[in-house]
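Shown next, in structure tokens, is the structure this report addresses.
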Number of protein chains: 2
Amino acid sequence: MSDSKMRRRGAATIDLVLCAVRQGRVHVLVVKSGRAVALPFRWADDGASLEAAAQDLARTHTGHAASWLTAGAATTSKRHPSGAVLTVPFVGVVGPTAAARAGAAWHPLDALPELAPRQRTMAESALGTLRLHMDLAPVAFRLLAPVFTLAELQQVYELLLGRRLHKASFRRALQAAYLVAPTDEWRSEGRGRPAQLFRYAPSKRRGAHRSVRFDLLRG
Amino acid sequence: MSDSKMRRRGAATIDLVLCAVRQGRVHVLVVKSGRAVALPFRWADDGASLEAAAQDLARTHTGHAASWLTAGAATTSKRHPSGAVLTVPFVGVVGPTAAARAGAAWHPLDALPELAPRQRTMAESALGTLRLHMDLAPVAFRLLAPVFTLAELQQVYELLLGRRLHKASFRRALQAAYLVAPTDEWRSEGRGRPAQLFRYAPSKRRGAHRSVRFDLLRG
DNA sequence: TCAATAGTGTCTGTTAGACATTATGGA
DNA sequence: TCCATAATGTCTAACAGACACTATTGA
């Protein structure tokens, strides 16, 4: 590899903010390097595409590729002594079952550990990035298992939007958007009536897929 | 400068999709190089920030800095023979009075000239980028002069959203959002009653700045 | 005057959100 | 049986969109 020679050719790094919902909160993946923690990052090799490199980061630390991924605005930094390098920040999501491998850990987004200033900024803006894309991309659904209850889906929407939604209105809007289809499975969660499981199944049929609107309030 | 040596250190290029509204249509700035046309681009110098470099591009070709600017997702390309380089695409807007300098020209976005495939993709996605940000950033207002009529503002919204809006509803939503303030100036445009001029003046006061919602249709 | 555009008040069908009720499981 | 959660029906205040009307200029 002839380390720094080869790798410096692209002169860019990939930083990844990988998000998942665990125990009702948004978590981000961090890697432990000695005593400190940091977001996963790597040098961009010349060969691979940037997105492939980011996916490789996700696979390395969780065993799963991100189920949705987007690149953010690149910035210059002085991370390397021999000159400025470009940092390309990625924001991705994985489902709730992806475990952190050795050396990595999930950390609540609303109580981040000590991070480098730039990485802290990236992590804090990740939620806004997800919110920005959730109307046009299936971000919320990629944070869930392939089948899910409507309560789980509503919880993800509430986490992304940062506010409580109204249950009946949420389901009406969902129905009007033709985004989910019921399965014939049900799941019993402790007490109470079992919930029907749904899957993500966007449909073009009649009604031209109105995007899900939520001015909804309260619970 | 010892050309390629110095400039290659960052190994990245800036591409700029600069947008403006002229004669009721969205235009993008292109530069003529010989017979072909291309989007403005330059190598990223080590010293300047990427955004500063993009602004420099705007100033070079129009004399004005972009009044709003955002960086998109970086991609790798093979533009340079000595290896892959990163391309950081910027999307920016300028007001309606910015003129194209010699060597550059405004071109309608809906009838683009022959461009390199990647640049064509960038230009075509620019409108989507503006639409994505217009709810959180004053994109629409930066496409206008400091003072403007409500008809002009509505036209910009219609261009960005790609559909006609309802006049009365548009103004009601605008009032509820506390985004504009009237001036004491009026402008007479040919026949008809003169229009009052407004300026962008977002306010936090009561009603917590509900973002402008438009499910509005028709004219 | 007429024509053209700006700006506003009123009406109505639609719907977000509140509320109540039924359904179905576990304890 | 009681409790907890799912799912759904009904009601109402709010509002998007339609429409009509007034206001104010140039021709």
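For clarity, every value in this text was computed on a predicted model and none was experimentally measured.
Residues from residues 186-199 of chain B lying near DNA chain C, meaning a heavy-atom separation below 4.0 Å, are B:Trp186, B:Arg191, B:Gly192, B:Arg193, B:Pro194, B:Ala195, B:Gln196 in numerical order.
The interatomic distance linking B:Leu153 (CG) with C:dG7 (P) rounds to 12 Å, in whole Å. A straight line from CD of B:Gln154 to P of D:dG17 spans 12 Å, rounded to a whole angstrom. Rounded to whole Å, the distance from CZ on B:Arg164 to P on D:dG17 is 14 Å. At whole-Å resolution of the value, CZ in A:Phe170 and P in C:dA18 are 16 Å apart. Between the CG atom of A:Leu165 and the C1' atom of C:dA18 there is a distance of 15 Å, rounded to whole Å. Regarding A:Gln175, its CD atom lies at a distance of 14 Å from the C1' atom of C:dT15, rounded to whole Å. Rounded to an integer number of Å, the gap from NE2 of A:His166 to P of D:dA7 is 16 Å. Here the C1' atom of nucleotide D:dT8 and the CG atom of A:Leu174 are 15 Å apart, to the nearest Å.
Here the rule is side chain to side chain contact (heavy atoms under 4.5 Å, CB included) with B:Val93, and of B:Val17, B:Leu130, B:Leu160 only B:Leu130 fits it. Tested against B:Leu16 for a side chain to side chain contact (heavy atoms under 4.5 Å, CB included), the candidates B:Leu69, B:Thr60, B:Val28, B:Val31 yield a single pass: B:Leu69.
Not counting sequence neighbours, the partners of B:Arg120 by the side-chain contact (heavy atoms from CB on, under 4.5 Å) test are B:Leu112, B:Leu115, B:Glu124. Residues passing the side-chain contact (heavy atoms from CB on, under 4.5 Å) test with B:Arg101, sequence neighbours excluded: none.
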All N/O contacts under 3.5 Å from nucleotides 10-12 of chain D to the protein, with atom names and distances to one decimal?
none

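Residue B:Lys167 has its side chain nearest to C:dT8 when only D:dG17, C:dT8, D:dA7 are considered.
In summary, B:Asp15 and B:Arg118 do not engage in a salt bridge, as defined by a charged side-chain N under 4.0 Å from a carboxylate O.
Here ring-ring contact (aromatic ring centres under 6.0 Å, His included) pairs that include residues 119-143 of chain A, with residues two or more places apart or in two chains, are A:Trp68-A:His133, A:Phe141-A:Phe148, A:Phe141-A:Tyr200. Note on residues 86-122 of chain A: no pairs pass ring-ring contact (aromatic ring centres under 6.0 Å, His included), not counting sequence neighbours.
A side-chain donor-acceptor contact under 3.5 Å links B:Thr129 to the backbone of B:Ser125.
Side-chain contact of A:Glu51 with A:Gln55: a donor-acceptor pair under 3.5 Å is absent, judged by distance alone.
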